[in-house]
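What follows is a set of notes on a single structure, which appears directly below.
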Amino acid sequence: MGAKLRAADDGAVYPLEDFNLIGRSQDATIRVPDAGISRQHATLRREGRYFWVTDLGSSNGTYVNDVAVTAARALRTGDRVQFGTSVYLFDQDESEGASPTSGLQTQVLRSATPPLKTIKATLLVGDLRDFTQISSQLTAEEVGNMLREWYADCEAILKPRGAVIDKFIGDGVFAYWPKVDVKSRIQAAEAAQLLSRPEANQSVTRRKVTENLGIAVQCNVGLHVGKVALGAMGRGVNTAVGEAVNVTFRIEGLTRKLGTPVLVSREFLEDCGAAAALFEEAGTHVLKGQPEPVEVFRLKDAPKPGEAV
């Protein structure tokens, strides 16, 4: 797929690969020798027809059309992408169908956009633990390799179990099952178990991190069920949104406070069948932005933070 970044100041062109690490480091895919750029500043990753930009917790931020990137964002031809103070224009071959610009084509696409559909879904949010700390001790190439391996592991674990991977967000993943039946919840629980256990994810770079830095690269996971809206969200990108999605992200964030890799909501365990036996009570907690406390359950016999099993 022909896509590139063009520097706004000197017109230099940078062809994009399927995965690109942007940063000041000499071994970044696209090196930006600017003091305002972090060593590992952002990533650009192709997912289907689209390229997604994700900020990696940089000091001076990443912006698209002057709007800060706080979650993975899909790009269209003509978008102004800014890393720190360095500005680029994103360009993608229109023949690939990713970003038509003529008025007629745009009108046709808009008229064909399907309406939003509300369904009940089983939701999963996963996030690599201590990624910022780990990446600060690695080269840009090692960070890129670790993220590539992490994305591949997510796909290998989630897709065979029926999940739809909605998006990757830096070192995180959001996926869902378009049903809330027992089978979907059991598949989600299995996926959470595999994602959370270090020995199930010993790809090359992460094994080196464990051996050289003494850090087990582990994933924290939150599971929930609830209503979501599915459809194109303004830029031709299909995604799932809704309060249930927000709750799932908050539950995953709670794993750090409770020191456990997997947490699920009471709603997830209702009518969950055999998967319910895998979990034990972890208390009722107030989640940011939620009017009522949420009761959560932890995975039994899960490894503690930093503990290999």
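This chain uses plain numbering: 1 for the first residue, then up along the sequence.
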Nearest non-hydrogen partners of Leu56 and Gln40, listed with the distance:
CB-O, 3.7 Å
Taken in chain and number order and not counting sequence neighbours, the residues that satisfy side chain to side chain donor-acceptor pair (under 3.5 Å) with Asn20 are none
Is it true that Leu254 and Val173 fall in one hydrophobic cluster, defined by side-chain heavy atoms closer than 4.5 Å?
no
Looking only at heavy atoms, what is the nearest atom pair of Val245 and Leu123, with distance?
N-CD1, 3.9 Å
Reference residue Leu278; test side chain to side chain contact (heavy atoms under 4.5 Å, CB included); the match among Lys300, Gln193, Glu190:
Gln193
For Ser196, is there any backbone N or O sitting under 3.5 Å from a side-chain donor or acceptor partner on Gln218?
yes
Is Ser58 close to Ile37 at the side-chain level, that is, under 4.5 Å between some pair of heavy atoms?
no
Heavy-atom check, side chain of His285 versus side chain of Leu263, under 4.5 Å:
no
A side-chain contact here means heavy atoms from C-beta on lying under 4.5 Å apart; do Thr62 and His41 qualify?
yes
Give the ring-plane orientation class for Tyr88 versus Tyr14, where under 30° counts as parallel, over 60° as perpendicular and anything between as tilted.
perpendicular
Hydrophobic cluster identity match, Val264 and Val247, side-chain contacts under 4.5 Å
no
Out of curiosity, does Val180 fall in the hydrophobic cluster containing Phe297 (side-chain heavy atoms, cut-off under 4.5 Å, transitive links)?
yes
Test your reading of the model: is there a side-chain donor-acceptor pair from Glu243 to the backbone of Gly226, 3.5 Å cut-off?
no
Quick check: is Phe279 connected to Val296 through a chain of hydrophobic side chains (ILVMFWY, heavy atoms under 4.5 Å apart)?
no
Going by side chain to side chain contact (heavy atoms under 4.5 Å, CB included), Val125 matches just one of Val221, Leu223, Asn220, Thr248. Which one?
Thr248
Using 30° and 60° as the class boundaries, would you call the ring planes of Phe174 and Phe249 parallel, tilted or perpendicular?
tilted
Taking Asp34 for its side chain and Gly36 for its backbone only, find out whether a donor-acceptor pair lies under 3.5 Å.
yes
For Val286, the rest of its hydrophobic cluster, which grows through side-chain links under 4.5 angstrom
none
Side-chain heavy atoms under 4.5 angstrom apart, residues restricted to Ile, Leu, Val, Met, Phe, Trp, Tyr: same cluster for Phe19 and Trp150?
yes
Check: Arg256 and Asp127 side chains under 4.5 Å, non-hydrogen atoms
yes
So, do Arg250 and Val294 sit near enough that their side-chain heavy atoms are less than 4.5 Å apart?
no
Stepwise side-chain hydrogen bond (donor to acceptor under 3.5 Å, both in side chains) test for Thr85 and Asn60:
CA-CA 8 Å; Thr85 59; Asn60 294 314; over 6 Å; no
Partner residues of Asp66 under the side chain to side chain donor-acceptor pair (under 3.5 Å) criterion, sequence neighbours left out
Arg80
Backbone of Gln92 reached by a side-chain donor or acceptor of Thr77 within 3.5 Å:
yes
So which atom in Phe131 and which in Val143 form the shortest heavy-atom distance, rounded to 0.1 Å?
CZ-CG1, 4.0 Å
What class does the angle between the rings of Tyr151 and Phe168 fall in, given that below 30° is parallel, 30 to 60° is tilted and above 60° is perpendicular?
tilted
What's the shortest heavy-atom distance between Leu21 and Ala28, and which atoms?
O-CB, 3.5 Å
Quick check against the 3.5 Å criterion: does Thr284 have a side-chain atom that pairs as donor or acceptor with the backbone of Glu295?
no
Could you tell me whether a side-chain N or O of Arg31 sits under 3.5 Å from a main-chain N or O of Arg24, the two making a donor and an acceptor?
yes
